[in-house]
Amino acid sequence: MNKFIKIFLFFLLILAILLNINWIASAIAGLILGLLYFLIFGFSLGKIIFKAQNIGWQLIFGMLSLISAYSFLGAIVYYFYQLNQLSVSLLFSAISIVILIFDSKLQNSKCLPLFKPWQESRIQNLFCNLKSITRNLSSIILKISYLILFATAIYILFTCQTIDAIRSPWQVIPPAFLIIYFLATLNLLLLLLKPKTTSYNLIQPHKTSYNLIQPHKTSYNLILISAHFFLTTSVALIIYKLGYGFDPFIHQVTELAIFKQGAILPKPFYYLGQYSLVVFLAHLLQISVEWIDKLLLPILPTVFLPYTIYKSLIKTTPWPANFCQILTFIFLLLPFNLLIATTPQGLAVFFSLIILFLSFLYLKNKQIPFWYLSALALVALLIHALAGIPIIIYLGLAWLLNNQNKATKIIAPLFAIFASISIPFALYSNSLFSIYKTKITATGFNLLDLPNIFNRQYNYFLDLAYFYRNSIYWLFILIGAITLVYLITQKKDKIFRASILTFVILIINAILLNFISVSFIIDYEQGDFAKRIWQLAFYFLLPVVICGFYLFIDKAQKNQIYKIFIIFLLSSFITFNFYLSYPRFDDYDNSRFINVSATDFAAVDFIEKNSDNQPYIVLTNQMTSAAALKTFGFSRYYNGHYFYPIPTGGDLYSCFEKMIYEKPTKQTAVEAMELTGVSQAYFALPGYWSRFKIIAEDAKKEADDVFSLDDKVLILKYLK
């Protein structure tokens, strides 16, 4: 294809997208054009940044780089201006034209690579590979059986969708689903165990062809692994029809306000990376901000995380390809609750994981430039400052330890010491400029539980699952320590030093955070900061643990029964962790989590109609407040207070806590009305609340009016 024709087609795609953003506004056109854009321009950007890598690498990490560019540059544009149609169009045009200019300068760029696989030679290769695959009947059976199990699991999830208030998705998902998930995991691991997977070499970069979709067993297997990651992380997305969690609602409303108005004040420095990315994608794809936000995290880990872990292993170790694929599942042994719903912290953790595994290509023989890792780290920092700090610490240590001289030998220990207190220091510094103030006090969060074989509920699955939960961190520490000793004796520990040191530093930070409380956060959530940093610390131990698992599996490769037993054990552990990574309401755990339900929206709508268009406030729980926020946005403030109890830990929420934990009196309602300057207040009490009957009877005594919505929520009205 002529170079000028290629440039013309690129400009035609840019023009079509701009027309759709500014005038046509078609969701179908947006999805088609957006997908083409990320494939073509992502691949072009990948060729620019990673000239020596193969086609698959250039496509995958080109798209990741494109997403990161819009997140980073969009955040800067938003902070100094706003993200409206004009600024989004200009940013889109600028980035696209820059990519086109640099791509046109590349040598041997005479044709559009996406068209090459359909040449006759590629089609012949396709049939040759399909023919060779059909000879391996067992692989075909395992692939088909996995797809059947995967489709069955997805079908079950969709049939279990709910708009009711539940404490755990496992309350509506049948127990048989966990058996199906276990069998799917076991099936896939057995498929990956087959050594013939290694017959296709993905290590060497491409030389002459642009074979973008040349089929080989490794590619098929990676697609199945990605599908399994999606199944694992998408339960909340599918089950909760109205949305999962509380924080996502706040972020979605903020993103929607930015999408409609271009900006929302005040503009915090944190979260901008997520907001800019969601708003840009909403303009580009012309689908709702809510769905962009909901899909972001399940999709990104599905597409990028398995590929990144696999490529990191196969490019830095001599291990067989099928072993590298199996070892990608080690990630699923650790809690992944931060990745099941889109939040800034979860998105920053995703980028941190990508950077962590990519960094080993830099540490091994600088297969990837350090500036690229640093750029991704800045994206993580703009998405969530506190969650981005750990990866900044890691990269700082990686660079200092990989560039040893007199200066770095002095700087490295000082850097490590400061890094050990950096997150509490950042939290304190942030408190100087925000409503969230810090103070020294014990939060009461247990960072490390001890396994207890005597604590049993005589439910074999639950007993084993919770024993696993209390053992997994100890197991990781044990495997990490044994593996590190082995690596040191073999003088192969250099590449792991930065991750091990970061693990220790984050453990110290988590312990210190356990003695810091933050205002405007309710008591039972005070330990969340420490808990999340503790969880993130073990991600940095993952590379060493993966190495340990390989050494363990490798020792067993001559004994087929032993290998199958290990795969069975690994499948069981992954299934336990799958269950534990979502909210639970069982004999061991009484989850405080309640989702937003249709009843919450009904209560919000009823109160609005009953108010006769007069200002009012509502004392209620987080979920009903989230429903109000989604319904009304940030439209109503009285004396600086939102008319529902947001944030938790604020003055209105304190009044709500008095109503439910002390005594529901009219005096408390009047105090809330005087605080906000309104003349009517509502107390909305969900039927699932503990002590509901006692609280309801006490509240009715002094209420001016009482309403019940299908016995699911009691609404009491107070007049000043």
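Computed from a predicted structure; not experimentally measured.
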Do Thr575 and Ile179 touch side chain to side chain, with heavy atoms closer than 4.5 Å? no

For the ring pair Phe360 and Phe496, is the centre-to-centre distance below 6.0 Å? yes

Taking the six-membered ring where the residue is Trp, are the ring centres of Phe304 and Phe61 under 6.0 Å apart? no

Short side-chain to backbone donor-acceptor contact, Gln58 and Phe50, under 3.5 Å: yes

Distance col, row Asp589:CG vs Arg167:CZ, nearest 0.5 angstrom, shows 11.0 Å

Could you give me the CA-CA distance, side-chain angles and deciding distance for Arg584 and Trp170, then say whether side-chain contact (heavy atoms from CB on, under 4.5 Å) is met? CA-CA 7 Å; Arg584 300 169 307 284; Trp170 307 120; 4.3 Å; yes

Between Phe229 and Phe329, what is the ring plane arrangement, given parallel below 30°, perpendicular above 60°, and tilted in between? perpendicular

Main chain of Leu142, side chain of Ser145: is a donor-acceptor contact present, judged purely on distance under 3.5 Å? yes

For a ring pair (Phe, Tyr, Trp, His ring centres under 6.0 Å) check, start with the C-alpha distance between His384 and Tyr271, then their side-chain angles and the critical distance, and finish with the verdict. CA-CA 5 Å; His384 194 289; Tyr271 309 157; 5.7 Å; yes

Any chance you could measure Thr232, atom OG1, to Phe336, atom CZ, to the nearest 0.5 Å? 5.5 Å

Are side-chain N/O atoms of Asp586 and Tyr466 paired as donor and acceptor at under 3.5 Å? yes

So, Ser234 side chain and Leu237 main chain: donor-acceptor pair closer than 3.5 Å or not? no

Give a yes-or-no answer on whether the side chains of Glu255 and Gln274 include a donor-acceptor pair shorter than 3.5 Å. yes

Enter the distance from Leu363:CG to Leu358:CG here, rounded to the nearest 0.5 Å. 11.0 Å

Are Lys531 and Trp534 in a cation-pi contact, defined as NZ or CZ under 6.0 Å from the six-membered ring centre and within 45° of the axis? no

Note: Pro335 and Asn577 closest approach over all heavy atoms is N-OD1, 3.4 Å

How long is the straight-line distance from CG of Leu542 back to CZ of Phe540, given to the nearest 0.5 Å? 10.0 Å

Decide yes or no on ring pair (Phe, Tyr, Trp, His ring centres under 6.0 Å) for Phe331 and Tyr539, but give the supporting numbers first. CA-CA 8 Å; Phe331 171 78; Tyr539 288 147; 5.7 Å; yes

Do Gln53 and Lys47 make a side-chain contact, defined as non-hydrogen atoms from C-beta onward lying under 4.5 Å apart? no

Roughly how far, to the nearest 0.5 Å, is CZ of Phe351 from OG of Ser68? 4.0 Å

Answer with yes or no whether the side chains of Thr343 and His251 bring together a donor and an acceptor at under 3.5 Å. no

For atom CG of Leu569, decide whether the heavy atoms of other residues, nucleotides or ligands shown that lie under 6.0 angstrom number more than 12. yes

In terms of the angle between their ring planes, are His228 and Tyr181 parallel, tilted or perpendicular, with boundaries placed at 30° and 60°? parallel

Going through the checks in order, is the side-chain contact (heavy atoms from CB on, under 4.5 Å) test met by Leu462 and Tyr579? CA-CA 9 Å; Leu462 291 180; Tyr579 173 79; 3.4 Å; yes

Test item: side-chain donor near acceptor, Tyr372 and Ser65, under 3.5 Å: yes

Over 12 foreign heavy atoms within 6.0 Å of CD1, Ile163: no

Rounded distance (nearest 0.5 Å) linking atom CG of Leu327 with atom CG of Leu570: 9.0 Å

Is it the case that the side chain of Asn595 and the backbone of Asp164 share a donor-acceptor pair, with hydrogens and angles ignored and the cut-off at 3.5 Å? yes

Does the side-chain hydrogen bond (donor to acceptor under 3.5 Å, both in side chains) test come out yes or no for Asn20 and Ser26, once each step is laid out? CA-CA 6 Å; Asn20 196 53; Ser26 167; 4.7 Å; no

Mind running side-chain contact (heavy atoms from CB on, under 4.5 Å) on Phe38 and Leu281 for me, showing each step along the way? CA-CA 11 Å; Phe38 276 107; Leu281 290 175; 3.7 Å; yes

Test log, rule side-chain hydrogen bond (donor to acceptor under 3.5 Å, both in side chains), inputs Tyr37 and Ser96: CA-CA 9 Å; Tyr37 176 77; Ser96 302; 2.7 Å; yes

Locate the shortest heavy-atom distance separating Ile533 from Pro390; write the atom from each residue and the value. CD1-CG, 4.4 Å

State, to 0.1 Å, how close Tyr550 and Pro320 come at their nearest heavy-atom pair, and which atoms those are. OH-CD, 4.0 Å

Report yes if some heavy atom in the side chain of Ile166 is under 4.5 Å from a heavy atom in the side chain of Tyr240; otherwise report no. yes

Looking at Ile99 and Ser44, what are the two nearest heavy atoms and their distance? CG2-CB, 3.8 Å

Does any non-hydrogen side-chain atom of Asp554 lie less than 4.5 Å from one of Leu551? no

The single option from Phe576, Phe177, Phe568, Phe578 passing ring pair (Phe, Tyr, Trp, His ring centres under 6.0 Å) against Phe182: Phe568

Do Phe350 and Leu338 have side-chain heavy atoms sitting under 4.5 Å apart? no

Go through it in stages, so that I can follow the logic: the residues are Leu333 and Phe476, the test is side-chain contact (heavy atoms from CB on, under 4.5 Å), and I'd like the CA-CA distance, side-chain angles, deciding distance and then a yes or no. CA-CA 10 Å; Leu333 293 177; Phe476 264 56; 4.2 Å; yes

With distance as the sole criterion, is a donor-acceptor pair present between the side chains of Gln367 and Lys311 under 3.5 Å? no

Less than 4.5 Å apart, any side-chain heavy atom of Leu296 and any of Leu277? yes

Establish, from distance only, whether the side-chain atoms of Asn337 and Ser581 form a donor-acceptor pair under 3.5 Å. no

So do the side chains of Ile141 and Leu137 get within less than 4.5 Å of each other, counting heavy atoms only? yes

Tightest non-hydrogen contact, residues Ser71 and Ser276, listed as O-OG, 2.8 Å

For the student: nearest non-hydrogen atoms of Leu356 and Ile391, plus distance: N-CD1, 4.2 Å

Would you say Tyr394 and Ser352 are linked by a side-chain donor-acceptor pair, where the criterion is simply a distance under 3.5 Å? no

Under 4.5 Å between any side-chain heavy atoms of Ile238 and Gln161, yes or no? yes

